Amino acid sequence: LLSIMMPSKDDVTITHQTTLYQSKSAVNAFLDFLADYLMKGVIKADKIVTFMILERMAARFTLARVSEERQHWQGQIISLLTALPGYSYDTDSVLGLVEKSGIHRASLLLHQEEASSWSHGEEATERRAFHFRAAIDCYLDDDDPEFRKEAFAYVKKECSGASDVKEPHTLREALASKLTDLV
């Protein structure tokens, strides 16, 4: 079905089929269809198609003017991201998309996943601290004042869970840089 709706250049060359890709409404309907089945875990899609689905959802979030509709699309994006294995999308690209769209809780999910990774090395430690600070920002940038308060529980959980001798120090430094924002 994917090769019919959105054929690759190779498909068009081999089969001489026309593409429905120019029909925006058909592609959008197809992306919505795929999103439902990706969330159910019934199908798999490559990273490019998954990103197209996320772009569509982010656009719908951005265009929504009613708070409930924005919450719906934010929830859909989060549901999709939690249903998919991490290798099925490029985290940095998706993070850029949701941050640009102002979808703070989806950004939070991705930053928390990165901040909770326990790979070792100087670069991994710095990356973890960066995502830890960014996760705090996601809490603080959210529209819901009650949700913002959850930043403290997150900080406590992450800092108390650090087992490496260097990790608590690095996370404390990252936390210290955010203290003025938290208070």
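The figures here come from the full heavy-atom set of this structure, side chains too, leaving out hydrogens, waters and symmetry mates. No experiment lies behind these values; they were computed from the predicted model shown.
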Which pair of non-hydrogen atoms, one from [X] and one from [Y], has the smallest distance, and what is that distance?
| X | Y | answer |
| --- | --- | --- |
| A58 | I77 | N-CD1, 3.8 Å |
| A106 | V98 | CB-CG1, 4.0 Å |
| D143 | P145 | O-CD, 3.3 Å |
| I53 | A35 | CG2-CB, 3.6 Å |
| I78 | R105 | CD1-CB, 3.7 Å |
| L110 | T91 | CD2-CG2, 4.3 Å |

With a 4.5 Å cut-off on side-chain heavy atoms, are [Y] and [X] touching?
| X | Y | value |
| --- | --- | --- |
| D90 | F51 | no |
| N28 | K24 | yes |
| W73 | L63 | no |
| I136 | F152 | no |
| Y139 | Y154 | yes |
| H131 | Q112 | no |
| D36 | D32 | no |

Main-chain N/O of [Y] paired to [X] side chain as donor or acceptor, under 3.5 Å:
| X | Y | result |
| --- | --- | --- |
| S107 | I103 | yes |
| T82 | S79 | yes |
| R128 | A115 | yes |

Hey, what do you get for [atom1] ([X]) to [atom2] ([Y]), rounding to the nearest 0.5 Å?
| X | Y | atom1 | atom2 | result |
| --- | --- | --- | --- | --- |
| E113 | L108 | CD | CG | 10.0 Å |
| D142 | Q74 | CG | CD | 6.5 Å |
| T50 | D46 | OG1 | CG | 6.5 Å |
| E114 | L109 | CD | CG | 10.5 Å |
| L31 | M52 | CG | CE | 5.0 Å |

Checklist entry - Does NZ or CZ of R70 lie under 6.0 Å from the centre of the six-membered ring of F61, at an angle within 45° of the ring axis? => result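 The answer is yes; both the distance and angle limits are met.
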
Item to check | Cation-pi, Y37 ring and K40 (6.0 angstrom, 45 degrees) | outcome: yes

Next on the checklist: Counting neighbours of CD1 on I48 that are heavy atoms of other residues, nucleotides or ligands and sit closer than 6.0 Å, is the number greater than 12?
Outcome noted: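 Not more than 12 within 6.0 Å, no.
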
Item to check | Enclosure of K44 NZ (heavy-atom neighbours >12, cutoff 6.0 Å) | outcome: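 Check fails, neighbour count at 12 or below.
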
Checklist entry - So, E99 and H111: side-chain donor and acceptor under 3.5 Å apart, yes or no? => result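 Judged by distance alone, the side chains do pair up.
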
Item to check | Same cluster (ILVMFWY, side-chain, under 4.5 Å), Y87 and Y89 | outcome: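 No, separate clusters.
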
Item to check | Qualifying residue for side-chain contact (heavy atoms from CB on, under 4.5 Å) with V94, from L80, L84, L81 | outcome: L81

Checklist entry - Relative to each other, are the rings of F30 and F33 parallel, tilted or perpendicular (30° and 60° limits)? => result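 Judged by the thresholds at 30° and 60°, the geometry between F30 and F33 is parallel.
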
